[in-house]
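Order of the sequence lines fixes the chain letters, A, B, ..., with proteins taken first and strands second; residue numbering starts at 1 for each chain.
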Amino acid sequence: MRNAEIAAALGELATLYELDGANRFRVIAYREAARVIRDCPHSVAELAREGRATDLQGVGETLQMKIVALLDEGEIPAAVKLKKKLPATLVEITRIPGVGAKTVRKMYDELGIASLEDLRVAASEHRLRGVKGLGAKLEENVLEALDRIESEGHEERRLLSETLEVGEQLVETLRQLPAAGRVELAGSARRWGETCKDIDIVATATDPEALADALLEHELADERRSGGAGGASIRTHNGLKVDLRIVPPAEFGNLLQHFTGSKEHNVKLRERALGLGLSISEHGVTETETGKVQTCETEAEVYKAVGLPYIEPELRHGEGELAEAENGELPNLVTVEEIRGELHCHTTLSDGKNTLPEMVEAARRRGYAYLAVTDHSASHGFGNDVQADALLERAAEIRDLDAATKRMKLLAGSEVNVMPDGSLDYEDEVLAQLDWVIASVHTSFRMSAERMTQRLISAIEHPLVDCIGHLSGRLLLKRDPYDLNVGPIFAAAAANGTMIEINANPRRRDLNERNARLAADAGVRIVINTDAHQTATLDNMRYGVATARRAGLGAAQIANTRSWRSFAPLRKRTRA
DNA sequence: GCCGTTTTCGGCCCGACTGTTTTCAGTCG
């Protein structure tokens, strides 16, 4: 059973308990455990089988037992019992924004509303207002929310790249204004998360209303919501919600820290503050005893107030970063500027949009010291296959171009397909004539974890494979990663000196940050590649670097931060 | 239900907003 399924079962049980009126901290404990399990990079089912689920922060003996029961019986007995007492469909109703367990329970007890359909009927007949505490506005909100759920499903997340396209433009516009002081993106966009729900901007201004108005009047704004000296809120034409908050400069650090999150990080930070007799909010740091408030112009001051050094936004997961900060163990994170070479890109030979010379020139302009050209291989679909003779012809072309290109090394490479049996789709004698080989899975995604793991290990052990491309095959918001066991894969990669890429395409970010961390800890050499299919997407490097940073990795762990001289001998083909 | 540089019991993050209310509970981020 996957972690996501276990997490979903515990999340449902949390809501059932909440509907049943259980102690709210018990409910919080189940939700927290569900979150930890969802994010855990290992199989929690396996951990639970070994009795080690309690290794996870937030999972105790009770939950360990409940997970095992879930694995054995397919259901948690406590949930079965509660579902006899209450309709399971009540859980769905709590998905409506503004309608929580307490409200659902009240509507069920007093009006017999047990499902979303019941709720729609009752709301349109204005029967909700008959319940104390519920009114006309709720009926209106409920009907709107039900329409939205039916038409587009619920809350919509989108790729960071789509969010930044809007967010960076808005920030740039606001910064140009004479009234603007500091203007910064906050939220998950500033932490370089994979996907975002909305855009948070925090600012200071000499004329706050002018800044708020500028957002309301921006050409990207479709729906204009509130506005004033405290900030403004809009929805863009493509449906993104944008919140701007404006505060006096003295509080800017508090506000930026608060709205950068993550929520989990902030919770941990406030817990730490409490232990020091302090209370942290978006307005300042308060001494609990005296009520004295310290405001902070910078985030660094907020962290200093609780005895910590500044923590980079990408590290604010709410996991071990506070302890690392306290012990002086925060990593020195890799930067885009430190990347010296690109090792995965395509040209018009396969499915790229730009020619070989165009890609080379674009990489040269970015100041790279080396570029590997890695078109798709012989069995690639959609008419983009490259047969062996065409590849070797291309390799000769690349070497000619290399000889004529100053200050940049060009590598003749390929992104070869790993077939379902683990073999590659060029003969070894062809691969031996290349400078660099990436092996990727592009077909037969639906294999068992065991077979997929073996398939990848076969490629990793191949003496002419330098690197594995987009390991999990996931497409964010579109396609789940295929089943595989990363433990043996990383062990094999480390043992064989096979590198693994962080694919920087913002739709992939693959390795993800958790696996990137595990891989680095296992001793795997990691490279960050854009997999660019045109010159413009060479710029996606920043998303791959972001994933590495979120994994806590520094330049030393990323092979393509090395100079060409230092990188070249890391390839297998240069060894005896 | 979980957990421990105040702890194995007694706590468990903070504030704003909303809608419904004459002072607040519920929900959210």
Side-chain angles (χ1 to χ4, degrees), chain A residues 10-11 13-37 53-67 76 78 93-107 128-142 144-145 155 186-188 191 193 196-200 202 225-226 230-231 233 241 243 245 247 251 254-255 257-286 288 293 302 306-307 318 322-323 326-327:
Chain A
L10 292 177
L13 182 54
T15 305
L16 286 167
Y17 272 135
E18 197 178 18
L19 288 163
D20 195 40
N23 176 303
R24 68 192 189 95
F25 294 110
R26 193 211 271 187
V27 174
I28 290 170
Y30 275 91
R31 296 239 162 89
E32 174 64 10
R35 186 186 72 82
V36 168
I37 288 166
T54 50
D55 288 359
L56 300 170
Q57 185 76 10
V59 178
E61 288 300 335
T62 307
L63 279 162
Q64 153 74 37
M65 279 162 50
K66 286 194 159 135
I67 294 168
I76 303 173
I93 307 181
T94 62
R95 277 182 20 210
I96 295 178
V99 179
K102 296 264 169 60
T103 307
V104 169
R105 187 59 199 264
K106 205 152 46 166
M107 295 191 298
L128 300 185
R129 61 187 69 177
V131 180
K132 186 165 158 40
L134 312 185
K137 188 71 187 168
L138 180 74
E139 290 168 351
E140 200 180 304
N141 289 348
V142 158
E144 263 177 42
E155 79 165 82
S188 51
R191 299 194 318 275
C196 301
K197 195 159 62 94
D198 51 22
I199 295 176
D200 286 306
V202 301
R225 299 142 80 95
S226 56
S233 181
K241 189 164 156 284
D243 286 316
R245 288 181 185 76
V247 287
E251 288 178 31
N254 301 107
L255 188 75
Q257 196 287 319
H258 178 83
F259 281 103
T260 296
S262 67
K263 183 166 175 272
E264 291 78 12
H265 172 83
N266 286 353
V267 167
K268 295 259 157 56
L269 193 68
R270 279 179 237 148
E271 281 172 356
R272 175 184 174 85
L274 276 185
L276 300 168
L278 300 168
S279 167
I280 293 184
S281 82
E282 60 262 54
H283 306 298
V285 182
T286 309
T288 322
V293 180
V302 180
V306 290
L322 293 191
E326 175 156 37
N327 300 331

Nucleotide nearest [X] when distance is taken to its side chain, options [options]:
X	options	result
A/Thr62	B/dC2, B/dC12, B/dG19	B/dC2
A/Lys137	B/dC14, B/dC2, B/dG19	B/dG19
A/Glu271	B/dG1, B/dC12, B/dA16	B/dC12
A/Arg26	B/dG1, B/dC14, B/dG15	B/dG1
A/Ala29	B/dG1, B/dA16, B/dG29	B/dG1

Sugar-phosphate only, base, or nothing, as touched by [X] at under 4.0 Å among non-hydrogen atoms:
X	result
A/Leu269	nothing
A/Gly275	base
A/Glu32	nothing
A/Leu128	nothing
A/Ala136	sugar-phosphate
A/Phe259	nothing
A/Leu63	sugar-phosphate

Enumerate the protein-to-nucleotides 24-26 of chain B contacts in which both atoms are nitrogen or oxygen and the separation is below 3.5 Å.
residue, atom, partner, partner atom, Å
B/dG26, O3', A/Thr103, OG1, 3.4

So, [X] side chain and [Y] main chain: donor-acceptor pair closer than 3.5 Å or not?
X	Y	value
A/Ser279	A/Thr288	no
A/Arg105	A/Gly21	no
A/Lys106	A/Lys132	yes

Please give the distance between the [atom1] atoms of [N] and [M] as a whole number of Å.
N	M	atom1	value
B/dT6	B/dC12	C1'	15 Å
B/dG1	B/dT5	P	23 Å
B/dT20	B/dC28	P	15 Å
B/dA16	B/dG11	P	26 Å
B/dT23	B/dT18	C1'	15 Å
B/dG15	B/dG10	P	26 Å
B/dG26	B/dT22	P	14 Å

Next item on the list: Using Watson-Crick or G-U wobble geometry with both distances below 3.5 Å, tell me the partner of B/dT8, or none.
Entry: none
Check: Is the closest side-chain heavy-atom distance between A/Asn254 and A/Val247 below 4.5 Å?
Finding: no
Item checked: Any A/His258 side-chain heavy atom under 4.5 Å of A/Ile280 side chain -> no
Take atom [atom1] of [X] and atom [atom2] of [N], then tell me their distance rounded to the nearest Å.
X	N	atom1	atom2	answer
A/Glu251	B/dA16	CD	P	11 Å
A/Tyr30	B/dC2	OH	C1'	11 Å
A/Asp200	B/dC28	CG	P	17 Å
A/Asn23	B/dG11	CG	P	13 Å
A/Ile28	B/dC2	CD1	P	14 Å
A/Asp55	B/dC3	CG	P	11 Å
A/Ile67	B/dG1	CD1	C1'	12 Å

Notebook entry, point to check: Of all heavy-atom pairs between A/Val59 and A/Ala33, which one has the smallest distance, and what is that distance?
Noted result: CG2-CB, 4.2 Å
Check: Do A/Arg245 and A/Glu282 sit within salt-bridge range, that is, some charged N less than 4.0 Å from a carboxylate O?
Finding: no
Notebook entry, point to check: Any side-chain N or O of A/His283 less than 4.0 Å from the OP1 or OP2 oxygen of B/dA16?
Noted result: yes
Check: Is there a side-chain polar atom (N or O) of A/Asn141 under 4.0 Å from OP1 or OP2 of B/dT18?
Finding: no
Next item on the list: Applying side-chain contact (heavy atoms from CB on, under 4.5 Å), name anything that partners A/Glu264, two or more places apart in sequence or on another chain.
Entry: A/Arg35, A/Ser262
Next item on the list: Can you sort out the partners of A/Ala323 under side-chain contact (heavy atoms from CB on, under 4.5 Å), two or more places apart, ordered by chain and number?
Entry: none
